[in-house]
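Convention: sequence-line order gives letters A, B, ...; per-chain numbering from 1.
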Amino acid sequence: MSLFGEVPQATPVAVFKLSNDFKDDPNPMKVNLGVGAYRTDEGQPWVLPVVKKVEKLIVADNRLNHEYLPILGLPEFRSSASKIALGEDSPAIQENRVGAVQCLGGTGALKMGAEFLRRWYNGNDNMKTPVYVSAPTWENHNSVFANAGFKDVRPYKYWDAEKRGLDLAGFLGDLETAPKHSIFVLHACAHNPTGTDPTHVEWMQVAEVMERRKLFVFFDSAYQGFASGCLDKDAWAVRYFVTQGFEMFCAQSFSKNFGLYNERVGNLTIVARDADNVRRVLSQMEKIVRVTWSNPPSQGARLVAITLNTAELFAEWKDNVKTMADRVLLMRASLQAKLQALGTPGTWDHITQQIGMFSFTGLNPKQVEYMIKERSIYLMASGRINMCGLTTKNIDYVAKSIHETVVNVQ
Amino acid sequence: MALLKSSKIISTVGLHPPLGVLSIRASSWWSEVQMGPPDPILGVSEAYKRDTNPKKINLGVGAYRDDQGKPYVLSCVRKAEAQIAAKKLDKEYLAIGGLGDFTKACAKLALGDDNEVIKSGRNITVQTISGTGSLRIGANFLSRFHTEARDVYLPKPSWGNHTPIFRDAGMQLKAYTYYDPKTCGFDFQGALNDISKIPEKSVIMLHACAHNPTGVDPRPEQWKEIADLVKKRNLLVFFDMAYQGFASGDIDRDAWAVRYFIEQGHNIVLSQSFAKNMGLYGERVGGFTVVCKDAEEAKRVESQLKILIRPIYSNPPMNGARIAATILNTPDLYKEWLGEVHGMANRIITMRELLVANLKKEGSTRNWKHVIDQIGMFCFTGLKPEQVERLTKEFSIYMTKDGRISMAGVTSGNVGYLAQGIHAVTK
């Protein structure tokens, strides 16, 4: 008899299973539009030129070692990362009421924020506080908050499948009826998976309701710079909420905009009423970090800190980011144009209206299955495609396949 | 300024300016958040930093230092880094369970190359965020799936972070006798007595080698009896191995207890850290292993470990694992590593001997044999809190209140002064 005899086989995480199936597919025309990682026009991963440069600097610097970072992470990383999100001239930073925790990727930042909120927000250890995530959202949002102990993770209306855009009325309606103090996970830009962001005016309306109903603002910022190509533009919503006086969390990921996926570089930015609140919050964050990973990994944070804090490297990084964003924009325009030219039934404006890495094509599960089985084009069952998987070489094949699928499969 | 600017934007689009913008809200979501108590170990290092005494010594630090008191980056690590840099690898996400080259080598290091467990594929080893991350994943796994028992039995004393980790994961903490303050050694009979009373199926935590904080390890014959008793009591064994190679200088010797237990039929869970033995502290390199009944069970357990890992940090960091894998899988780097680990362990052993010799020279008549008998980075001196306080206040020698010193902080340059101080407060 084994102690683990009753352990059931868990279902694999969908997006990784998709990648595995893609890998095993022998079809030479196969295309992977699943996992969210940037690809060049040759379909290859891209280590940013500035990253290569800084890595060499780090290896060559004999003053550096592999000692433990402080529990909350590398100080120069934390402060420069928060500046990226909030802006150098952020009133909150100037008023000394911003804190940060270096975390393992965006996931780690969400996790730390969630664990803190469960312990200290809306009472002590209040697991009943509702946590709202967009419908749809990155699937791991649900798990992160549920595993942090929250018993009530619910969807808020977001995506309007019929009009293929934001369901603003539904969103605002859910904000109005949410129990006071509910936590709302907002996508700072380049909404995953729909690529559909509120406009500035729409964000202002969201903020107004959240302020009035005392809802907690938890931003997930995984694509800053990657969405429009401009860091400040992509941070507009986060910064607007700060000027509106919110206390809030912002989980930042540097996986995509630095291409540092596997180094797990993330930052939880905390905006509070004043420095004293920040101090106490951070002291409690330390306790949570200590029982989870003790202190964060140094390599990626050091790399980002050096880059952000060195003028020429910072400029080069912004340029690299724009390169990635521009290629995505090009693929969007190209795909839309091709579908239009083919006369594919339906409207395809959403492809160019949506922003960031992902596009919610509107393909239904049957059509998705057809794409995978008959055309070896791998995408999520939700119809989400990663624009980065498109290249000038495969875009014709993909466009024709979408056309054929839409025409033949309902 | 910014507030005025934003209210201007609002009136432009005709929305009523929210009052919150212009009034100062006194209350905060976090008003009730208490200041967390300072970390007992970090507090030591911080106080040390503030001290201006040129003779000050930091014996709180749980990180290896060379004889100049400096951090030591292993030569094999630098070589591995150069090799890796030349390969121009990408930065794509690792699998949830980590780098395969690392996890395989990690298991082999602990269990031995030709261990039957590895051959039959009945272990699952995942890459973790160093030792802490490994213990946490293990605690979460046991909390979710080991539902017959909620109790984890730690040796008394144990690493300070064990308790909060297991507690946060939902387990309950109990203790078994381990350290004998009268002898500064192992209370073998006390341990056996307590273990014989542990309810069946409870989890028992064992430090594989170089017990932290006492440096007191059971002898092989004593391990054999413990293994026997643990089997009789039907306990689930959780080994924490943070110092393989670092204790005796020999990686096989340090893993002996782990391998013996497995040989005796215990399907253990095991946490490994490469922080100390490869000096990869800040890169966060570790492994968590579950020894299962068979390969099929290992697959099921693996799938559940992934489910636990994903909502914490998705997948682990590459850099340190890549370095460790390169060292473990490249014969001449591996050989060099064994030599360097041996060197670090030797320096520690030498410092132990020097400290005792110097204490005798100072004229101390106390029995300091335990300083040499204990093993690994830490030494439980037997000093009382008042004596520790005096050492800190009068001599600027910093250690934790329980009298634990990190031998890594001792150098040939400061051992004389250290002996002076210890003698002064104990004579």
Side-chain angles (χ1 to χ4, degrees), chain A residues 2-5 7-10 12-13 16 37 45 47 55 59 65-69 91 104-105 107-108 111 120-121 140 143-144 147 201 204 208 211 216 243-245 247 259-264 272-274 277 279-281 283-284 286-287 290-300, chain B residues 2-3 6 10 13 15 18 20-21 25 28-30 33-36 39 63 71 73 77 81-82 85 90-94 129-130 132-133 136 145-146 161 164-165 168 236 267 279-284 292-293 297 299-301 303-304 306-307 310-320:
Chain A
S2 163
L3 288 161
F4 306 124
V7 173
Q9 176 79 26
V13 178
F16 299 133
V47 178
E55 275 181 330
V59 166
N65 52 43
H66 294 289
E67 292 297 295
Y68 288 126
L69 287 182
L104 274 84
T107 305
K111 165 71 171 178
W120 295 104
Y121 174 70
N140 206 17
S143 316
V144 169
N147 275 272
V201 172
M204 286 163 143
E208 192 270 323
E211 206 272 325
F216 187 80
T243 60
Q244 295 307 293
E247 287 186 301
L260 286 174
Y261 307 93
N262 68 20
E263 298 297 1
R264 314 314 293 126
R273 185 67 54 231
D274 54 40
N277 275 291
R279 199 177 48 92
R280 282 179 288 108
V281 168
S283 75
Q284 294 297 345
E286 278 195 350
K287 304 276 154 275
R290 189 66 168 137
V291 297
T292 314
W293 55 61
S294 268
N295 41 74
S298 77
Q299 178 74 358
Chain B
L3 292 177
S6 62
I10 295 164
V13 296
L15 289 175
V21 173
R25 291 223 300 272
S28 161
W29 287 128
W30 317 126
V33 173
Q34 298 141 26
M35 186 69 191
D39 188 288
V73 178
V77 167
E81 286 177 308
D90 65 39
K91 303 217 166 285
E92 295 300 288
Y93 288 123
L94 285 179
I129 315 301
S130 205
T132 301
R136 185 54 197 256
F145 293 105
H146 187 58
N161 208 17
I165 288 173
D168 204 57
L236 172 48
N267 284 350
L280 290 176
Y281 307 91
E283 303 297 340
R284 320 308 292 128
C292 300
K293 192 179 71 186
E297 183 174 276
K299 280 266 156 284
R300 281 185 283 117
V301 168
S303 71
Q304 294 296 346
K306 288 181 183 173
I307 299 285
R310 174 101 165 126
I312 304 176
Y313 52 85
S314 276
N315 39 71
M318 163 68 93
N319 195 48

Among Val77(B), Asp90(B), Val73(B), Ile307(B), residue most engaged with chain A (heavy-atom pairs, under 4.5 Å): Asp90(B)

Assert top hit (heavy-atom pairs under 4.5 Å, partner chain B, pool Ser143(A), Gly300(A), Pro297(A), Gly108(A)) equals Pro297(A)

Gln34(B) backbone acceptor or donor facing Arg280(A) side chain under 3.5 Å: no

Hey, does Val144(A) have a side-chain heavy atom less than 4.5 Å from the side chain of Arg310(B)? no

Taking every non-hydrogen pair under 4.5 Å, which of Arg284(B), Gln304(B), Met35(B) racks up the most with chain A? Arg284(B)

Trp120(A)-Phe216(A) aromatic ring centre distance below 6.0 Å: no

What I'd like to find out is whether the side chain of Pro317(B) reaches to under 4.5 Å of the side chain of Leu104(A), using heavy atoms alone. yes

Counting only N and O atoms by type, is there a donor-acceptor contact under 3.5 Å from the side chain of Glu208(A) to the main-chain atoms of Met204(A)? no

For the candidates Leu69(A), Asn140(A), Asn65(A), which exhibits the highest count of non-hydrogen atom pairs separated by less than 4.5 Å from chain B? Asn140(A)

Quick one: which of Asn315(B), Ile165(B), Leu280(B) has the most heavy-atom pairs under 4.5 Å with chain A, could you say? Asn315(B)

Chain B contact via Asn147(A) - side chain, backbone, both or neither, heavy atoms under 4.5 Å: side chain

Under 4.5 Å from any heavy atom of chain B - which part of Glu263(A): both

Interatomic distance, NE2@His66(A) vs OH@Tyr281(B), rounded to 0.5 Å, equals 11.5 Å

Mark yes or no for whether Asn277(A), through its side chain, and Arg273(A), through its backbone, hold a donor-acceptor pair below 3.5 Å. no

Quick one: which of Gly36(B), Gly320(B), Ser303(B) has the most heavy-atom pairs under 4.5 Å with chain A, could you say? Ser303(B)

Need one label for Ser314(B): side chain, backbone, both or neither, based on atoms under 4.5 Å from any heavy atom in chain A. both

So which of Glu283(B), Lys299(B), Arg136(B) has the largest heavy-atom pair count under 4.5 angstrom toward chain A? Glu283(B)

